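Below is one structure, written out as structure tokens; the observations come after it.
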Amino acid sequence: MEPVSPYAERVLDLVERIPPGRVMAYGDIADYLGEGGPRQVGRVMSTWGGGVPWWRVVHADGTPAPGHERRSLAHWHDEGTPLRGERVDMRLARWDGGSPSANFQESG
DNA sequence: GCAATGACTGGTA
DNA sequence: TTACCAGCCATTG
């Protein structure tokens with residue numbers, strides 16, 4: 001097991017803070033922390049994501065992590081996450097990172 | 001230091 | 001939805 005970097009701890013901590021029924025994109029996490037980028041977040045998840053609700057972390061288009069598509073669907077379905085077919089409805093499920101009330105964005 | 005890789009993202013076709 | 005391209009940045013060899 002590789003040593004957990006301080007950056008990884010921030011990522012994992014944030015992922016654990018994501019409320020059920022909500023999700024965050026890799027880029028959102030990186031932007032929220034203000035460090036690294038979506039690739040770094042993905043690396044953290046791939047290495048230490050096994051100890052956090054990784055299914056709440058998805059791509060910017062709502063697609064789940066590779067190799068866990070079916071697994072994510074099961075969790076989302078169990079948490080009541082707004083789905084869009086086999087993908088998450090980011091416009092509804094995207095978490096602001098501190099505003100659990102800002103679930104619905106300006107939509108037409 | 002350079003080249004390759006990766007659980008990424010946005011735009012275009 | 002899928003495919004291709006350019007940008008992004010840390011890790012690895």
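Values in this document were obtained by computation on a predicted structure and should not be read as measured data. To find a chain, count down the sequence lines: A is the first, B the second, and so on, and within it residues start at 1.
Side-chain atoms of A/Arg39 and base atoms of B/dC8 include a donor and an acceptor less than 3.5 Å apart.
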| request: Dump the intermediate steps for salt bridge (charged side-chain N to carboxylate O under 4.0 Å, His left out) on A/Arg87 and A/Asp61, then the final yes or no. | output: CA-CA 8 Å; A/Arg87 297 182 303 192; A/Asp61 55 13; 5.4 Å; no

| Intermediate values then yes/no, side chain to side chain contact (heavy atoms under 4.5 Å, CB included), A/Val57 and A/Val23 | CA-CA 6 Å; A/Val57 183; A/Val23 301; over 6 Å; no

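Whole-Å rounding puts the A/Arg87 CZ to C/dT1 P distance at 3 Å. Rounded to a whole Å, the CZ atom of A/Arg94 is 9 Å from the P atom of B/dT9. As a whole-Å value, the separation of A/Tyr7 OH from C/dA10 C1' is 9 Å. Rounded to a whole Å, the CG atom of A/Asp61 is 14 Å from the P atom of C/dA3. The nearest whole Å value for the distance from the CG atom in A/Leu33 to the P atom in B/dC8 is 17 Å. In this structure, A/Met45 atom CE and C/dA10 atom P are separated by 19 Å, rounded to whole Å. Note: CG (A/Asp31) to P (C/dC9) measures 12 Å, nearest angstrom. Atom-to-atom, CG of A/Asp28 to C1' of B/dC8 comes out at 11 Å; the value is rounded to the nearest Å.
Rounded to whole Å, the C1' atom of C/dC8 lies 14 Å from the corresponding atom of B/dT5. Look at the C1' atom in both B/dG6 and C/dG7: the space between them is 15 Å, to the nearest Å.
Note on A/His59: a side-chain N or O is less than 4.0 Å away from OP1 or OP2 of B/dT9.
Of the possible polar contacts, one joining the A/Arg56 side chain to the A/Ile18 backbone as a donor-acceptor pair under 3.5 Å is found. Judged by distance alone, the side chain of A/Glu79 and the main-chain N or O of A/His77 form no donor-acceptor pair under 3.5 Å.
Within the nucleic acid shown, A/Ala30 has no heavy atom closer than 4.0 Å to any nucleic acid atom. The residue A/Gly27 sits close only to the backbone: its heavy atoms come under 4.0 Å of sugar-phosphate atoms, none of a base.
Distance from the side chain of A/Gln40 is smallest for C/dC9 among the nucleotides B/dT9, C/dC9, C/dT11.
Relative ring orientation between A/His75 and A/Trp55 is described as parallel, the plane-to-plane angle staying below 30° on a 0-90° scale split at 30° and 60°.
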